[in-house]
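To keep things clear, I will list the structure first and then write my remarks on it.
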Amino acid sequence: MNNTCAIILAGGKGTRMKSKKPKVLSEILFKPMLGYVIEACNKANVNDICVVTGFKYELVEEYLSSVGDFSIARQLEQKGTGHAVMMAKDFLLKNKGKDVLVLCGDAPLITHECIENSYKSHIENKNAITVVTACLEDAGNYGRICRNDDDTIKKIVERKDCTEEEVLIKEINSGVYWFNVDNLLDCLDKLTTNNSQGEYYLTDTLEITINSNKKVSAFVCEDTDIILGANSRKDLFELNEKMRLKVIDKHFENGVEFISLDGVYISPDAKIGCDTVIYPNTIIKENVVIGEDCKIGPSTLIQDSVIDDRVSLNQVQCYKSKVHHDTDIGPFVHIRPNSEIDHHVHIGDFVEVKNSFVGAGTGISHLTYVGDSDVGKNVNFGCGVVTVNYDGVNKHRCTIKDGAFIGCNTNLIAPVTIGENGYTGAGSTITDDVPDEALGIARAKQQIKKDFSTKKLAGRRKKV
Ligand code: UD1
Ligand code: CA
């Protein structure tokens, strides 16, 4: 959409949210609401975006710089939605002759289809303003759309300024509009604060435009969810729930199986292959790709990771890592960032892997820490192995070559290398490299003290 640009209003404090954060940074499925609004614009090919920041602008601007390139208009005092758009005057002047989409940073369910279809209607009807509206059973605190007898739009009235009759109107203002830029610039000069909240209302531009005999119409949105905004924690919770079910629906369609939806939260960007089963209490955060025929959960959290086909993750937390096909992990396993677990690996209970490569066919079955290590193929870790990677100042790496057998309760004091098919005796603290095919054993030799306990435990009371 060549002749378009957008202004996203993100300056408000969101008093009703009772948060230290600006409202637009409140998250729905692990992403700030503002991020969803930006994404919808980008998907609709509206790429020239100005964001009006205000309350804690530094936080909003920091977020913006992490997701793209934007014009910023700061609104240092929040005097209403009309005032917010006035702050973007320079942006509008640069975009004269075009149409500008105005939307709220706190209404994250907006879709690119709605943006595209309302634009089409805006152009076809040659409107000066097109407002996106919806009809709600309970119009709540949304602005009401007042129409004339002939159904044309008369004005928008804010909830707080409604007469008793106007309160009953079911058609509401979504807060999304298309404006002809030149007309909007004219209107902004004419806004006043003559209303119950003493604010400059963007919504007053409709009446001003109509009074100057320009065309204003509504694009009525069938899907009433799209317009929902979050002004309170309860609203946020409800939006989160709607989005959660919408995302899960998409996966149902793609052939993903869910045993139950209890505690299942999946980021909208997740990709999951067919015949994968998701068990309860599974949280899949941003940037996750999961293959086919996997078993994920119960009680599993994955973020920023790639999980290949036929992987099982049972009670696992996995961050910034890659797990190759046919590997099974869990229960109670922590895969920390920068780990790569190759195919046909088995990782069992109470194991932590960090910043390490684990080669194909390797088994790390119980109670083991593998940190900063390069582990080869078909290695066997006994129970309770610890890579001692940190000397209090620096981190060092362990190298464990193919086929090695690490005895139970071995401490590998890094940097150290265990050669191919190398072996360590159980209970050893290995400080020096073990050559290929060799045994490294480092523990005190056993002594026997005969009849020791006869005297030592004499008189000991037994419970049963
Ligand atoms: C606004 C509309 C209302 C509509 C509703 C849809 C007005 C006067 N009212 O009401 O008709 O039904 O949105 O959600 O426009 N903001 C600023 N600076 C400000 C004030 C607000 O940037 O000075 C931003 C907020 O961060 C928010 C958006 O504008 O993203 C909407 O503000 P909000 O105060 O939530 O407006 P509503 O009362 O919901
Ligand atoms: Ca709002």
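As the structure lists them, so they are numbered: ligands from 1, and atoms in each ligand from 1. All heavy atoms count here, side chains included; hydrogens, waters and symmetry mates do not. Fair warning: this is a prediction, and the values are worked out from it, not measured in the lab.
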Given that the side chain starts at C-beta and the backbone is N, CA, C, O, which of these parts of N141 lies under 4.0 Å from ligand 1, counting heavy atoms, or is it both or neither? neither
For N231, counting its heavy atoms only, list the atoms of ligand 1 lying under 4.0 Å from any of them. 35 (O)
Geometric class of the H83/Y200 ring pair [parallel <30°, tilted 30-60°, perpendicular >60°]: parallel
Can you give me the closest heavy-atom contact between M33 and A230, atom names plus distance? SD-CB, 3.7 Å
Of R144, E158, M87, which has the heavy atom at the shortest distance from atom 11 (O) of ligand 1? E158
Y36 six-ring face occupied by K31 cation (under 6.0 Å, within 45°): yes
G229 near ligand 1 by a heavy-atom separation under 4.0 Å: no
Which is it for A10 and ligand 1 at heavy atoms under 4.0 Å: side chain, backbone, both or neither? backbone
Ligand 1 contact on K79 by region, counting heavy-atom pairs under 4.0 Å: backbone
Which label fits H334 and Y319: parallel for a plane angle under 30°, tilted from 30 to 60°, or perpendicular past 60°? perpendicular
Between D342 and A360, what is the shortest heavy-atom contact and its length? CB-N, 3.4 Å
Distance-only side-chain donor-acceptor flag, K23 / N231, under 3.5 Å: yes
Are any of the N/O atoms in G80 less than 3.5 Å from those in ligand 1? yes
Per-atom contacts of ligand 1 with A84, taking only distances under 4.0 Å to non-hydrogen atoms: 17 (C), 18 (N), 22 (O)
Using a 4.0 Å cutoff against the non-hydrogen atoms of G105, which atoms of ligand 1 qualify? 30 (O)
Do you know which two heavy atoms are closest between G80 and E199, and how far apart they sit? CA-OE1, 3.7 Å
Mind checking whether I156 has an N or O less than 3.5 Å away from an N or O of ligand 1? no
Ligand 1 contact by D106, heavy-atom criterion under 4.0 angstrom: yes
Applying salt bridge (Lys or Arg N to Asp or Glu O under 4.0 Å), name anything that partners E171, two or more places apart in sequence or on another chain. R147
Do N389 and T387 pair up side chain to side chain, a donor and an acceptor below 3.5 Å, judged on atom types alone? no
Taking only non-hydrogen atoms of K23 and a 4.0 Å limit, the atoms of ligand 1 in range are 35 (O)
Please state which part of S174 comes within less than 4.0 Å of ligand 1, counting heavy atoms only: side chain, backbone, both or neither. backbone
Is there any salt bridge (charged side-chain N to carboxylate O under 4.0 Å, His left out) pair reaching into residues 51-70, and which pairs are they, with sequence neighbours excluded? E61-R74
Say whether G175, considering both its backbone and side-chain N or O atoms, lies within less than 3.5 Å of an N or O atom on ligand 1. no
May I ask you to decide if the ring planes of H325 and H344 are parallel, tilted or perpendicular, using 30° and 60° as cut-offs? perpendicular
Do H396 and D391 have side-chain N/O donor and acceptor atoms under 3.5 Å apart? yes
Atoms in ligand 1 flagged as close to G143, the criterion being non-hydrogen separation under 4.0 Å: 3 (C), 4 (C), 11 (O), 12 (O)
Should N173 be counted as touching ligand 1, given the test is an N or O pair under 3.5 Å? yes
Distance-only donor-acceptor check, side chains T209 and N183, under 3.5 Å: yes
May I ask which of V131, I145, I227, L9 has a heavy atom nearer to atom 29 (O) of ligand 1 than the others do? L9
Under 4.0 Å from ligand 1, counting heavy atoms only, is it the side chain of H83, its backbone, both or neither? neither
Please compare R16, Q197, M86, K160 and report which has the shortest non-hydrogen distance to atom 38 (O) of ligand 1. R16
Polar-atom distance check: Y201 versus ligand 1, any N or O pair below 3.5 Å? no
Taking only heavy atoms of C104, which atoms of ligand 1 are found under 4.0 Å from at least one of them? 28 (C), 30 (O), 31 (C)
Examine Q75 against ligand 1 and note whether any of their N/O atoms are separated by less than 3.5 Å. yes
